[in-house]
Amino acid sequence: MRSGNHSYGIPTPMKAHQARKRFGQNFLQDTRVIQDIVAAVRPQPQDTVIEIGPGLAAITAPLAAKLDTLHVVEIDRDIVARLKTLPFADKLVIHEGDVLQFDFASVPGRKKIVGNLPYNISTPLLFRLSEVAAEVEDMHFMLQKEVVERMVAAPGSNDYGRLSVMLQYFFDMENLIEVPPEAFDPAPKVDSAVVRMIPQPGRIGVADDFDHFAALVKQAFQQRRKTIRNNLKDRADDAQLAAAGIDPQQRPEHIAPERYVQLSNNLQSHKREEMS
Ligand code: SAM
């Protein structure tokens, strides 16, 4: 922990920061990991880069050194105050607030998004970022290792599920670096990993109705141990499953992402035909 500061409550901006659990604050302290992340991002001076949760600037400082401007989104008021005192503060555009409410479109241009993310909001944040995939060049995130494994999982693996299908719809993803708890202060209880996400629209097909596709995938994985026939019994019959290349006896975790897109599109066009 960063303690041992005896300023007797005098609120100077550089007072040691006490990590806040509610904001998922585990600060990176391993120089090698920090260098590897920056090398993976490959920032060029003119790039539009947004860092989520700069914290005590472990990644912010080396990124800013390579950039003309760096956008940062930070919820913790005390950290925002510290950021404003940094020697490279003039390069920072600070967006104070909750990243889950942040309007990424307010930053013009194709964006590179980076962050050692607060693990407590990582899943809703990843779903949120999928909505802005069209404006993104690439994203590099430190996440719980277990979450990264679910994101990149292939059909047939225990980790393959709704998160894999929904993110693989938008992105090509790669597990780049595994990071042990000691790389952080305070150390989290879990292992971490850095994932690279590159938008690849249409890589598993294009859903005619995205909301229908998303609801179908959610329902398909509601009970992993059951067959797809069982999980989707109010949506699709065996013939409709077979038409999408799905064996009705299969479990949801054995079905490739593109099969879900195909099934959703078939069901939607069937519905349209019935209505016309
Ligand atoms: N980037 C720093 C590092 O690598 O050492 C800090 C990473 S720490 C895991 C997560 C950071 O995200 C903290 O600075 C925290 O205050 C910030 N944060 C937490 N929840 C947030 C939210 N909802 N919106 C924006 N920032 C948030």
Side-chain angles (χ1 to χ4, degrees), residues 1-3 13-41 43 49-67 70-86 88-89 91-107 111-129 131-132 139-148 176-196:
M1 298 285 269
R2 284 159 208 269
S3 57
M14 295 319 286
K15 185 178 149 189
H17 179 82
Q18 187 73 37
R20 295 191 166 115
K21 236 186 176 161
R22 71 176 184 285
F23 292 145
Q25 291 178 353
N26 298 95
F27 299 109
L28 258 176
Q29 58 173 1
D30 186 316
T31 332
R32 178 77 194 275
V33 174
I34 295 165
Q35 281 169 358
D36 286 350
I37 294 173
V38 176
V41 174
V49 181
I50 304 177
E51 188 192 355
I52 299 171
L56 302 180
I59 313 171
T60 321
L63 278 180
K66 293 187 181 284
L67 292 165
L70 172 59
H71 292 261
V72 295
V73 185
E74 175 58 63
I75 199 169
D76 186 327
R77 245 194 270 164
D78 293 343
I79 284 187
V80 167
R82 294 177 77 91
L83 291 169
K84 290 178 180 165
T85 69
L86 293 172
F88 53 87
K91 283 193 173 184
L92 301 181
V93 180
I94 302 174
H95 305 269
E96 181 175 347
D98 184 350
V99 68
L100 291 174
Q101 311 296 328
F102 182 65
D103 178 12
F104 285 89
S106 70
V107 178
K111 296 162 253 301
K112 289 166 86 74
I113 307 180
V114 186
N116 169 14
L117 297 185
Y119 294 169
N120 49 347
I121 59 160
S122 57
T123 308
L125 182 57
L126 289 167
F127 278 104
R128 181 92 217 291
L129 287 163
E131 294 166 16
V132 295
M139 308 201 278
H140 292 83
F141 295 131
M142 174 87 73
L143 288 160
Q144 221 172 304
K145 183 177 151 197
E146 180 249 328
V147 174
V148 173
L176 291 182
I177 313 165
E178 303 217 336
V179 184
E182 314 81 75
F184 305 86
D185 177 22
K189 291 197 178 72
V190 291
D191 284 331
S192 303
V194 176
V195 66
R196 172 180 286 148

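Computed from a prediction, not measured in an experiment: that's the story for all the values here. Note that ligands are numbered from 1 as they come in the structure, with each ligand's atoms numbered from 1 the same way.
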Hey, does Ile121 have a side-chain heavy atom less than 4.5 Å from the side chain of Val99? yes
Atom CD of Glu74 and atom CD1 of Ile52: how far apart are they, to the nearest 0.5 Å? 11.0 Å
Write out the residue and atom name of the closest protein heavy atom to atom 2 (C) of ligand 1, then the distance separating them to 0.1 Å. Pro54 O, 3.3 Å
Distance check, rounded to the nearest 0.5 Å: Met139 atom CE versus Lys111 atom NZ? 12.0 Å
Per-atom filter on ligand 1: closer than 4.0 angstrom to a heavy atom of Glu51 are 1 (N)
Pull out every atom of ligand 1 sitting under 4.0 Å from any heavy atom of Val73, numbered as shown with elements. 25 (C), 26 (N)
Run the numbers for me: atoms of ligand 1, each under 4.0 Å from some heavy atom of Asn26, listed by number. 7 (C), 8 (S), 9 (C)
Compare Asn116, Ile75, Ile79 and give the one whose heavy atom is closest to atom 27 (C) of ligand 1. Ile75
Would you say the side chain of Arg20 lies within less than 4.5 Å of the side chain of Ile79, judging by non-hydrogen atoms? no
Run the contact test for Ile121 against ligand 1 with a 4.0 Å cut-off on heavy atoms, strictly below, and give the result. yes
From the list Pro180, Pro188, Pro186, side chain to side chain contact (heavy atoms under 4.5 Å, CB included) with Phe184 holds only for Pro188
Select one of side chain, backbone, both or neither to describe which atoms of Ile52 lie under 4.0 Å from any atom of ligand 1, heavy atoms only. neither
Once you round to the nearest 0.5 Å, how far does NZ of Lys112 lie from CD1 of Ile50? 12.5 Å
Quick check for you: to the nearest 0.5 Å, what is the distance between Phe88 atom CZ and Leu63 atom CG? 9.0 Å
Going by distance only, is there an N or O of Val99 that falls short of 3.5 Å from an N or O of ligand 1? yes
For atom 20 (N) of ligand 1, what is the nearest protein heavy atom, given as residue, atom name and distance? Pro118 CG, 3.5 Å
Distance from atom 9 (C) of ligand 1 to nearest protein heavy atom, with residue and atom: Gly24 O, 3.1 Å
Numbered in order shown, the ligand 1 atoms found under 4.0 Å of a heavy atom of Ala58 are 5 (O)
Under a 4.5 Å cut-off applied to non-hydrogen side-chain atoms, are Val41 and Ile59 in contact? no
Straight-line distance of Ile75 CD1 to Gln25 CD, nearest 0.5 Å: 10.0 Å
Any heavy atom of Ala57 under 4.0 Å from ligand 1? The part involved is neither
Do Val190 and Glu146 come within less than 4.5 Å of each other through their side chains, counting heavy atoms only? no
Quick one: nearest non-hydrogen protein atom to atom 23 (N) of ligand 1, plus distance? Asp98 OD1, 2.8 Å
In the protein, what heavy atom is nearest to atom 12 (O) of ligand 1, and what distance, to one decimal place, separates them? Gly53 CA, 3.2 Å
Heteroatom distance test (Ile59, ligand 1): nitrogen or oxygen, under 3.5 angstrom: no
Considering only protein heavy atoms, which is closest to atom 19 (C) of ligand 1, and at what distance to one decimal place? Phe23 O, 3.0 Å
What's the shortest heavy-atom distance between Leu70 and Ala64, and which atoms? CD2-N, 4.1 Å
Looking at Gly97, which atoms of ligand 1 are within less than 4.0 Å of one of its heavy atoms? 24 (N), 25 (C)
Run the side-chain contact (heavy atoms from CB on, under 4.5 Å) check on Phe141 and Leu129 step by step: do they pass? CA-CA 12 Å; Phe141 295 131; Leu129 287 163; 3.5 Å; yes
Considering the heavy atoms of Leu28, write down every atom of ligand 1 situated less than 4.0 Å from one of them. 3 (C), 4 (O), 5 (O)
Using non-hydrogen atoms of the residue, decide whether Gly115 is closer than 4.0 angstrom to ligand 1. no
Do any nitrogen or oxygen atoms of Asp76 lie less than 3.5 angstrom from nitrogen or oxygen atoms of ligand 1? no
Out of Arg20, Arg77, Gln25, indicate the one that has the non-hydrogen atom closest to atom 13 (C) of ligand 1. Gln25
Of all protein heavy atoms, the one nearest atom 17 (C) of ligand 1 is Glu74 OE2, 3.4 Å
Between Leu143 and Ser192, is there a side-chain heavy-atom distance shorter than 4.5 Å? no
